[in-house]
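Quick notes on the structure that follows.
Every number for a ligand or one of its atoms is a count from 1 in the order of the listing. Worth knowing before you read on, the calculation uses all heavy atoms, side chains too, and leaves out hydrogens, waters and symmetry mates.
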Amino acid sequence: MVSADEKIPGLYWVDLEDKRWPATRSLAPGVNVYGERVVVEGGVEYRVWDPYRSKLAAALIKGLQNMPIREGRRVLYLGASTGTTVSHVSDLIGKKGIVFAVEISHRVARELIMRVVSHRPNVIPIVEDARKPERYKVVFKPIHVVYCDVAQPDQTEIAILNSKKFLSPNGSLLLVVKSRSIDVAREPLDVIRDEERKLKKEGFKIVQRMTLEPFDKDHGMIHAILPS
Ligand code: SAM
């Protein structure tokens with residue numbers, strides 16, 4: 001019923017209701033974060049990763065290649081919200097990794113701390129504006145991955161600013177593009193291509209781009225690398 005992904009260590013696939021769902025091995029067994037389904041096999045707890053709630057899960061189902069978030073990696077996560085995706089990132093990177101979780105809203109960050117940070121030693125909350133990375137006091141390098149999901153019109157500029165400040169050479173940026181927050185009238189793929197051009201101008205190399213349909217109609221994802 002549970003099988004390990006052939007390419008991505010720490011990622012699993014679970015067969016439920018005639019469908020295959022991604023899942024992660026829970027770093028905090030017994031603690032439910034967002035009402036996710038849980039499968040226990042061989043005494044191990046796997047958390048089913050909902051692609052309708054997490055854009056990273058949708059991207060994995062849609063064939064995200066060269067997944068940069070793996071065991072032991074350090075991730076700077078912008079737009080942590082209450083920790084739905086952060087919790088799965090925490091499972092994937094394991095005890096040797098760290099996810100620095102940046103969230104601007106104090107109210108939302110309180111939920112993040114209660115649901116996720118208090119049960120997971122590898123998640124460090126930062127209640128700050130991602131437009132002001134010079135204010136993060138606790139982030140230390142190397143950062144292997146910047147994940148950006150702030151749902152703001154200047155999301156790409158925020159991602160570039162943080163990547164240039166923290167990303168290690170050849171590190172990865174996973175940028176969630178909320179196409180509707182940039183321009184409601186245009187096709188998502190056109191908006192994604194525009195954001196891709198901004199990244200290229202700043203020296204990023206594009207690895208992959210995708211829309212997240214059918215799980216999410218208004219978002220896409222870009223995986224880019226910042227060469228040294
Ligand atoms: N990534 C989350 C997940 O998959 O579980 C969902 C993120 S939600 C779409 C966007 C989040 O970004 C909100 O919680 C919002 O408060 C936060 N946000 C918006 N602007 C921000 C900023 N400038 N700095 C940090 N966080 C910001």
Side-chain angles (χ1 to χ4, degrees), residues 11 21-24 27-28 31-36 47-62 64 67-69 75-93 99-117 119-120 122-139 143 145-163 165-166 172-182 188 191-192 195 210-212 215-223:
L11 181 70
W21 305 90
T24 54
L27 201 68
V31 180
N32 202 276
V33 177
Y34 62 99
E36 67 274 23
R47 300 168 56 235
V48 179
W49 197 350
D50 187 343
Y52 294 95
R53 303 280 302 276
S54 170
K55 290 148 216 150
L56 186 52
L60 286 165
I61 294 175
K62 291 208 65 181
L64 182 68
M67 167 66 159
I69 300 176
V75 179
L76 177 61
Y77 191 115
L78 312 173
S81 190
T82 54
T84 299
T85 302
V86 168
S87 67
H88 287 285
V89 169
S90 156
D91 287 345
L92 278 173
I93 60 177
V99 50
F100 298 97
V102 182
E103 171 55 52
I104 195 168
S105 157
H106 286 252
R107 185 185 54 78
V108 173
R110 261 199 302 278
E111 286 282 310
L112 170 74
I113 290 164
M114 272 175 358
R115 291 182 194 199
V116 178
V117 176
H119 306 287
R120 294 166 176 273
N122 64 358
V123 183
I124 298 182
I126 301 175
V127 188
E128 271 300 348
D129 184 348
R131 294 184 184 91
K132 299 186 172 118
E134 68 282 359
R135 289 194 187 163
Y136 313 157
K137 297 291 179 233
V138 291
V139 176
I143 293 293
V145 183
V146 170
Y147 185 95
C148 182
D149 182 18
V150 288
Q152 296 296 311
D154 58 341
Q155 58 202 3
T156 304
E157 288 74 15
I158 291 174
I160 291 169
L161 185 67
N162 280 268
S163 299
K165 188 164 171 63
F166 292 111
S172 284
L173 165 65
L174 287 173
L175 173 62
V176 174
V177 179
K178 185 172 185 199
S179 42
R180 301 269 171 206
S181 76
I182 291 178
V191 176
I192 294 168
E195 301 314 293
M210 59 171 74
T211 66
L212 299 179
F215 307 105
D216 188 313
K217 287 196 178 122
D218 299 334
H219 290 88
M221 189 174 287
I222 300 173
H223 179 191

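- Checked by distance only, ligand 1 and Glu103 come closer than 3.5 Å through their nitrogen or oxygen atoms.
- Looking at atom 4 (O) of ligand 1, its nearest protein heavy atom turns out to be Thr85 OG1, 2.6 Å.
- Among Ala109, Ser87, Gly79, the residue whose heavy atom sits closest to atom 7 (C) of ligand 1 is Gly79.
- In the vicinity of Asp129, heavy-atom distances shorter than 4.0 Å reach the ligand 1 atoms 22 (C), 23 (N), 24 (N).
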Working for side chain to side chain contact (heavy atoms under 4.5 Å, CB included), residues Gln155 and Ile158: CA-CA 5 Å; Gln155 58 202 3; Ile158 291 174; 5.6 Å; no

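- Within the 3.5 Å criterion, the main-chain N or O of Asp154 finds no donor-acceptor partner in the side chain of Gln152.
- When only interatomic distances are considered, the shortest N/O to N/O separation between Ser54 and ligand 1 does not fall below 3.5 Å.
- Side-chain contact check for Pro125 versus Glu103: every heavy-atom pair is 4.5 Å or farther apart.
- The protein heavy atom nearest to atom 19 (C) of ligand 1 is Val150 O, 3.3 Å.
- A donor-acceptor contact shorter than 3.5 Å is absent between the side chain of Asp50 and the backbone of Ser54.
- Between the side chains of Tyr136 and Asn162, a donor-acceptor pair is found at a separation under 3.5 Å.
- The backbone N or O of Ser90 sits less than 3.5 Å from a side-chain atom of Asn122, completing a donor-acceptor pair.
- Between the side chains of Trp49 and Thr24, not a single donor N or O lies within less than 3.5 Å of an accepting N or O.
- Taking a cut-off of under 4.0 Å to the non-hydrogen atoms of Tyr77, the atoms of ligand 1 that pass are 1 (N), 2 (C), 3 (C), 4 (O).
- Near Arg131, with a cut-off below 4.0 Å to any heavy atom, the atoms of ligand 1 are 23 (N).
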Could you go through Lys55 and Thr85, starting from their C-alpha distance and side-chain angles, then the distance that decides it, and tell me whether this counts as side chain to side chain contact (heavy atoms under 4.5 Å, CB included)? CA-CA 8 Å; Lys55 290 148 216 150; Thr85 302; over 6 Å; no

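- In terms of polar-atom proximity, defined here as any N/O pair under 3.5 Å, Arg53 makes no such contact with ligand 1.
- Side chain of Arg120 to main chain of Ser87: a donor-acceptor pair is present (N/O by atom type, distance under 3.5 Å, no hydrogens or angles).
- Using a 4.0 Å cut-off between heavy atoms, Ser81 contacts ligand 1 through both its backbone and its side chain.
- Distances from atom 21 (C) of ligand 1 to the heavy atoms of Ile104, Val33, Ile158 put Ile104 nearest.
- Ligand 1 has no atom lying under 4.0 Å from any heavy atom of Leu78.
- Here Lys55 has side-chain heavy atoms under 4.0 Å from ligand 1, and that is the only part of it that gets that close.
- The protein atom (non-hydrogen) at minimum distance from atom 6 (C) of ligand 1 is Asp149 OD2, 3.4 Å.
- Close approach to Ala130 involves these atoms of ligand 1, each under 4.0 Å from a residue heavy atom: 22 (C), 23 (N), 24 (N), 25 (C).
- The atoms of ligand 1 that sit less than 4.0 Å from any heavy atom of Gln152 are 19 (C), 20 (N).
- Between the side chain of Asp129 and the backbone N or O of Ile104 there is no donor-acceptor pair closer than 3.5 Å.
- Between Tyr34 and His88, the angle of the ring planes goes over 60°, which puts this pair in the perpendicular group of the 30/60° scheme.
- Ligand 1 lies within reach of Glu128, whose nearest heavy atom is under 4.0 Å from it.
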